[in-house]
Structures are given as C-alpha cells and as structure tokens.
2 protein chains.
Amino acid sequence: MGREFDLIDRYFSRKVPAGYLGGGDDCALVPVAPGMQMAVSTDLLIEGRHFFPDVSPFTLGHKALAVNLSDLAAMGAKPLGCVLGIAMPSINEAWLAEFANGFYALADAAACPLVGGDTTAADTITLCVTVFGQVDPALALRRSAAQAGDDIWVTGVLGGPHVALQLLQGRVPPGCNNTAALLAQVRPALEQPLPPIAFSQGLPGLAHAALDISDGLLQDLGHILKASRCGAQLFYDSLPVDPALAGVSQAWQEEAVLGGGDVYQLCFTAPVSSRNAIQALAHQHSVLATRVGSIVPQAGQLSVTRNNGQVVSVAQQGFQHF
Amino acid sequence: MGREFDLIDRYFSRKVPAGYLGGGDDCALVPVAPGMQMAVSTDLLIEGRHFFPDVSPFTLGHKALAVNLSDLAAMGAKPLGCVLGIAMPSINEAWLAEFANGFYALADAAACPLVGGDTTAADTITLCVTVFGQVDPALALRRSAAQAGDDIWVTGVLGGPHVALQLLQGRVPPGCNNTAALLAQVRPALEQPLPPIAFSQGLPGLAHAALDISDGLLQDLGHILKASRCGAQLFYDSLPVDPALAGVSQAWQEEAVLGGGDVYQLCFTAPVSSRNAIQALAHQHSVLATRVGSIVPQAGQLSVTRNNGQVVSVAQQGFQHF
C-alpha cells in the first residue's frame with residue numbers, strides 16, 4: 001500500500017461522539033455498556049498486494065485473522081468475535097477448505113468465533129476481516145498513554161518477516177550461501193504470525209501505551225511518541241533479534257529489526273513498577289517479553305545505541321522526526 | 001452474485017459458542033453484557049458487480065451504509081457504529097469527497113458513527129462495510145420467530161428498485177412511452193434506499209420475525225417461512241406498490257413487486273394484538289407500514305391471491321417451496 005493512500009483516511013476521519021475513539025489507534029473504541037468498550041478493527045487484504053497468489057490458503061486464512069487479532073492485542077482487548085467478507089473469481093473447493101481450516105484454527109485458539117460474513121464474486125481474491133473485542137475503557141492501551149520514564153517492551157522476536165519477504169522477492173543477503181535454508185527458517189514468521197493475544201489481555205493496568213509492529217519497530221514506535229508527545233532511547237543490543245538472522249550482515253539485520261514490518265508482535269510501554277508483573281505474565285503465557293529501552297521527555301527524539309556506544313542511524317529505518 | 005457463491009458460506013458456518021447466533025439471519029448476534037447482544041453485519045460491494053462504475057459517488061456512499069443498516073433494522077437493533085474498508089486503483093479526491101459526504105449524511109441521520117477503517121490500492125473499487133448495533137437478546141427479531149396467525153407487514157413501497165435496474169440495463173417495459181421519466185421516478189429507490197432504522201428499534205416486543213427485502217419479497221419471506229417452519233397467505237392487492245409503477249403492465253408489476261430485490265425495506269410478522277401499536281410506531285416515524293397477509297401453519301406453503309380470487313403464480317417470482 002502506497003503512502004499516498006493515507007490521504008484517503010482524511011476523508012473518513014470526521015469527529016466521533018463523546019465516549020468513542022475514532023481512527024488513529026490500533027482499534028476504534030465504541031461504548032457498549034457501563035465499564036465496557038468494544039474495540040473494533042477491520043483490514044482489507046487483496047491478492048497480489050497483500051499476499052502472493054500462490055500462498056498456501058491455510059496460512060492465508062491464519063494471517064487474515066492474525067493481523068486483526070494483533071490490533072485487538074495492541075489495545076489489550078479480549079476477542080469477542082469476527083466477521084469475514086470474501087470475494088473470489090471462481091469456486092475452488094480445495095482452496096476454500098484449507099483457507100477455512102487455517103482461519104478457524106486461529107479463531108479457536110484465540111477464542112474469537114467467526115460469526116458471520118459475506119461472499120461474492122470478484123476478479124481478484126479479496127478478504128475483509130473485522131474483529132471486535134472488549135476492554136475496560138479506563139485501561140485500554142492507547143498510543144497516547146506513554147509516560148516519560150516508562151520502559152519500552154517488545155514481545156516475540158524481530159526481523160524474520162522482513163528477511164522472508166526480501167528472499168521471496170529475490171533479494172539475496174550478502175554472504176548468505178544457503179538462502180533456501182534461511183527462507184525455511186523465517187517464512188513462518190511472515191506467513192503465520194502469532195500475536196500475543198492471551199498475554200495482551202493481562203496488560204491493561206500494567207502497561208500504558210501499546211501498538212502492534214506492522215510497519216516496522218521504529219516507524220510504529222514513532223506513532224506512540226507522536227501521540228504521547230515524548231521521545232525514546234532504544235538499546236540495540238537488547239532487541240530480540242530472530243536467531244535465524246545470526247548469519248546475515250549487520251546492515252541487513254539492522255534494516256530487518258528496526259525497519260522490517262509484518263511482525264504482528266507488540267511494542268508497549270509500562271512503568272518500572274510493572275517489570276516483575278509483566279515478566280510473570282509473559283512466563284504464564286509462554287511469551288518472550290523483552291525490555292528494549294525507555295521513554296524520555298524530549299518529544300520526537302529517538303536514539304538507538306549499541307552497548308559500545310555506537311549510534312545506529314534511525315532515519316534509514318523508517319523513523320520520522322516530528 | 002451467483003447462487004453458486006452460497007457454496008462458499010458452507011465453509012464458514014461452523015458452530016458458534018452458546019449465546020451467539022451465527023450465520024443465516026440478517027445479523028450475527030454476540031453476547032456482550034447481561035441483557036445485551038451486539039448485532040453485526042458485513043457486506044462487500046464491488047464495482048461492476050454491485051454498482052455501476054459511473055454511479056454517483058454520493059449515492060454509492062449512502063447505499064454502502066444503507067444495505068448494512070437495513071440488516072440491523074431487520075434485527076430491531078440500535079446502531080452503535082460502523083467501519084469501512086475501501087480499495088481503489090488511484091486517488092480521485094473529488095470522488096472521495098462526494099462518497100464520504102453520502103456515507104456521513106446517512107451515518108449522521110442513523111446515529112451510526114463511522115469509527116474506523118482501512119484503505120488500500122486495488123484494481124477495482126471495493127467497499128467493505130461492517131455495522132454493529134445493540135439489541136435485547138430476548139427480543140431480537142430472528143427469522144425463526146414467526147407464529148401461525150401473525151400478520152405479515154411490509155414497510156415502504158415495493159417494485160421501484162427492480163424497475164430502475166431493468167431500465168438501466170436497457171430493458172423497456174411494454175407500453176411505456178417515457179422511460180426517462182419513469183427512470184427518474186424509480187432511480188432514487190434503487191440508489192438511495194432508506195431502511196426504516198428508527199422505526200425498527202421500536203419493533204422488539206411488538207413483532208416476532210423480521211428480515212430486510214434484498215432479494216425480493218417472496219424469496220426473502222421464504223427465509224422466514226423456512227426458519228419458522230410455517231407458511232403464508234399474501235393479498236396481492238394489499239401490497240404497497242410504488243406509485244411510479246402505475247403505468248407498467250401487470251406482468252412487470254408482479255415481477256417487480258414480488259420478485260424485485262434491492263428494496264431494503266422490512267418484511268416482518270407480528271401478532272394481531274400489536275396492530276395498533278405498530279401503526280402508532282409507523283406514524284411516529286413517518287414510515288409506511290402495511291399489512292399484506294398472514295402466517296399460516298402449513299410449512300412451506302405460500303399463496304398470493306387477488307381480491308377477485310385470482311391466484312398469482314409464485315414460482316416465477318423467486319419463491320422456492322421446501
């Protein structure tokens with residue numbers, strides 16, 4: 001999707017009523033009952049733009065739901081259900097069965113039942129998934145809630161999806177003499193992301209701000225910094241790099257870890273007092289949660305340093321100062 | 001959309017948890033709080049299939065939301081909000097502004113705020129609207145709730161959208177010597193349907209079963225009869241025919257009124273004891289509500305008769321016995 005399509009958003013960002021949260025966060029929030037808001041997210045996925053035409057339908061079914069569950073996780077919302085719109089040129093029963101298997105496997109694991117949908121004919125396979133969940137309005141993990149002094153955390157590992165995408169597009173990392181083996185290691189991270197859905201439901205009350213890493217760590221963290229009017233200090237050597245990237249060059253690794261998208265793990269901020277509780281929550285859900293830096297008061301400032309004091313350039317990796 | 005696409009639905013109709021209502025009704029129902037269910041509906045609209053490429057973007061924005069609000073109305077649900085996915089080949093700012101104006105005008109009128117969405121590039125204009133509303137679970141207007149002896153009611157008038165579609169596709173009604181004038185009269189019903197949103201929120205507690213007329217009165221009423229295991233007797237001369245159809249032949253009129261889709265008005269059933277309250281509700285909301293027949297115990301039977309005793313053939317108009 002080209003950046004120019006951000007322009008479209010401008011036409012659909014009119015004011016929402018009091019008690020609602022409109023665009024600009026991972027989910028919209030809708031008041032439904034006292035002490036409960038509904039979090040909603042919707043995504044369009046189009047063949048040839050968001051997925052390769054020859055992708056496994058099972059993993060596509062998984063990913064179509066995963067990218068939306070990731071938005072719920074980024075608000076700390078508990079899934080309530082989802083609906084699916086699906087359009088395709090002709091009926092391929094084997095393809096549909098596998099797509100449905102992949103979709104339902106994740107829906108079951110995430111306790112997010114598929115409750116309805118719409119099916120139609122189209123020239124291109126087009127998917128539209130909408131998920132909804134519930135969250136305490138006082139505790140929803142909004143992008144604007146980071147505070148100076150907060151730790152910055154990341155779940156899972158970084159870099160794999162970016163390297164997989166590069167390899168699938170025919171780019172070969174310098175010095176890599178077995179791209180097939182590398183692709184086999186990183187491809188699942190691209191095609192079957194596993195957002196920390198259960199873990200994230202324990203974050204409200206412990207964490208302040210959160211979002212899911214879809215466009216790249218620095219660019220996405222930039223959204224928190226902008227919404228919260230603060231800055232960040234990241235420690236490169238603390239970042240949880242996908243172990244599969246051990247053999248690639250430092251330049252590739254930095255690009256993949258700091259700028260690589262499609263991760264669908266969380267970046268969140270939390271007060272220092274939450275450290276033990278967050279680690280316990282991560283342990284309980286078998287999620288890797290890593291402290292990777294701190295929120296600083298200087299609005300729009302982001303620095304990434306190595307343990308040896310070396311400064312990593314952030315401009316190349318998608319971070320825009322504001 | 002071809003009937004063969006019903007096949008796709010089979011892959012996405014697995015069991016939903018207790019307290020949920022899955023596919024097969026106008027909306028899915030999701031339990032969100034004690035005494036409250038959320039009604040959800042989603043629709044994909046694709047250029048060249050669901051709308052003409054040269055349709056006015058203002059009316060398209062209106063209709064994209066209207067067809068979904070119609071599904072909420074058919075459950076008796078009160079709108080809470082909606083999300084919009086929109087894909088298009090390139091950015092046409094004038095088109096987007098008019099589309100947004102049409103969408104927001106109806107969203108404001110229906111108190112259904114647009115709270116979020118997704119925008120992307122695609123070869124074909126593709127819209128995916130998801131609406132959600134709230135309804136008392138005990139009173140939601142399910143298709144399966146019709147009872148023998150119920151009156152059958154229809155809101156609004158019938159036939160206009162079908163005639164408009166025929167004229168736009170170049171078919172000329174026999175004996176009509178001014179198709180342009182006829183099209184001008186019926187086109188708004190096709191392009192800017194106005195489902196009875198406020199009226200329908202008063203129906204829970206008064207009515208039993210309801211659905212919106214999207215595929216044609218007989219075919220849609222058939223869904224109620226099948227789900228409720230009953231039959232119906234309709235009085236053709238009681239049906240609220242669009243006055244614009246006065247000049248067209250009887251055969252065209254029957255086809256348009258009994259078989260014509262895209263109406264987005266309600267067909268509902270209610271006990272005889274609700275007659276006065278329903279008429280008062282209709283009056284309050286300036287909605288035309290017409291009694292057009294009765295539910296009978298014979299499952300799968302549907303007869304349509306004229307006042308002179310003449311029987312109208314139902315097989316031609318989309319009704320399938322079961």
Side-chain angles (χ1 to χ4, degrees), chain A residues 1-2 4-9 11-12 14 16-17 20-23 27-34 36 38 40-46 49-50 80-81 83-88 91 93 96-97 99-100 103-104 111 113-124 126 128 130 132 134, chain B residues 1-2 4-9 11-12 14 16-17 20-23 27-34 36 38 40-46 49-50 80-81 83-88 91 93 96-97 99-100 103-104 111 113-124 126 128 130 132 134:
Chain A
M1 168 175 162
E4 80 269 22
F5 276 82
D6 291 350
L7 177 64
I8 297 183
D9 295 333
Y11 290 96
F12 303 105
R14 296 188 194 174
V16 292
Y20 284 71
L21 178 69
C27 290
L29 294 176
V30 175
V32 291
M36 187 206 284
M38 188 175 66
V40 192
S41 173
T42 193
D43 268 296
L44 273 173
L45 296 176
I46 296 173
R49 295 180 189 268
H50 301 99
L80 282 166
V83 292
L84 165 69
I86 182 167
M88 49 176 48
I91 302 220
E93 295 207 41
L96 277 166
F99 178 89
F103 195 99
Y104 274 105
L114 175 63
V115 296
D118 188 25
T119 56
T120 185
D123 293 335
T124 308
T126 302
C128 184
T130 305
F132 27 92
Q134 64 182 61
Chain B
M1 169 175 163
E4 79 270 22
F5 277 81
D6 291 350
L7 178 63
I8 296 183
D9 295 332
Y11 290 95
F12 303 104
R14 295 189 194 172
V16 292
Y20 284 71
L21 177 69
C27 290
L29 294 175
V30 176
V32 290
M36 188 205 285
M38 189 175 64
V40 192
S41 173
T42 194
D43 268 295
L44 274 173
L45 296 176
I46 295 173
R49 294 181 190 268
H50 301 98
L80 282 166
V83 292
L84 166 68
I86 180 166
M88 49 177 48
I91 302 220
E93 295 208 42
L96 277 166
F99 178 89
F103 195 100
Y104 274 106
L114 175 63
V115 295
D118 188 25
T119 56
T120 186
D123 294 334
T124 307
T126 302
C128 185
T130 305
F132 25 94
Q134 64 183 61

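Chain naming here is simple, since letters A, B, ... match the order of the sequence lines and numbering starts at 1 in each.
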Do you know which of [options] has the most heavy-atom pairs under 4.5 Å to chain A?
| options | value |
| --- | --- |
| B/V16, B/D43, B/T126, B/T124 | B/D43 |
| B/G22, B/P113, B/G85 | B/P113 |
| B/G81, B/A111, B/A33, B/A97 | B/A97 |

Non-hydrogen atoms of chain B under 4.5 Å away: do they reach the side chain of [X], the backbone, both or neither?
| X | value |
| --- | --- |
| A/L45 | neither |
| A/V32 | both |
| A/I46 | side chain |

Can you name the nearest heavy-atom pair linking [X] to [Y], along with the distance?
| X | Y | answer |
| --- | --- | --- |
| A/L114 | A/Y104 | CD2-OH, 3.6 Å |
| A/C128 | B/L44 | CB-CD2, 4.3 Å |
| A/C27 | A/L21 | O-CD2, 4.1 Å |

From the options A/L96, A/T119, A/T120, A/D123, select the one residue that forms a side-chain contact (heavy atoms from CB on, under 4.5 Å) with A/M88.
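Filter result, single survivor: A/L96.
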By side chain to side chain donor-acceptor pair (under 3.5 Å), B/T42 pairs with (sequence neighbours left out) B/T130
Most chain B-contacting option - heavy-atom pairs closer than 4.5 Å, from A/Q134, A/M38, A/M36
A/M38
side-chain contact (heavy atoms from CB on, under 4.5 Å) partners of A/A28, counting only residues at least two apart:
B/V115
What part of [X] lies closer than 4.5 angstrom to a heavy atom of chain A: side chain, backbone, both or neither?
| X | result |
| --- | --- |
| B/V30 | side chain |
| B/P31 | backbone |
| B/L29 | neither |

Do the rings of B/F103 and A/F12 sit parallel, tilted or perpendicular, given the 30° and 60° boundaries?
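Aromatic pair B/F103/A/F12 classed perpendicular.
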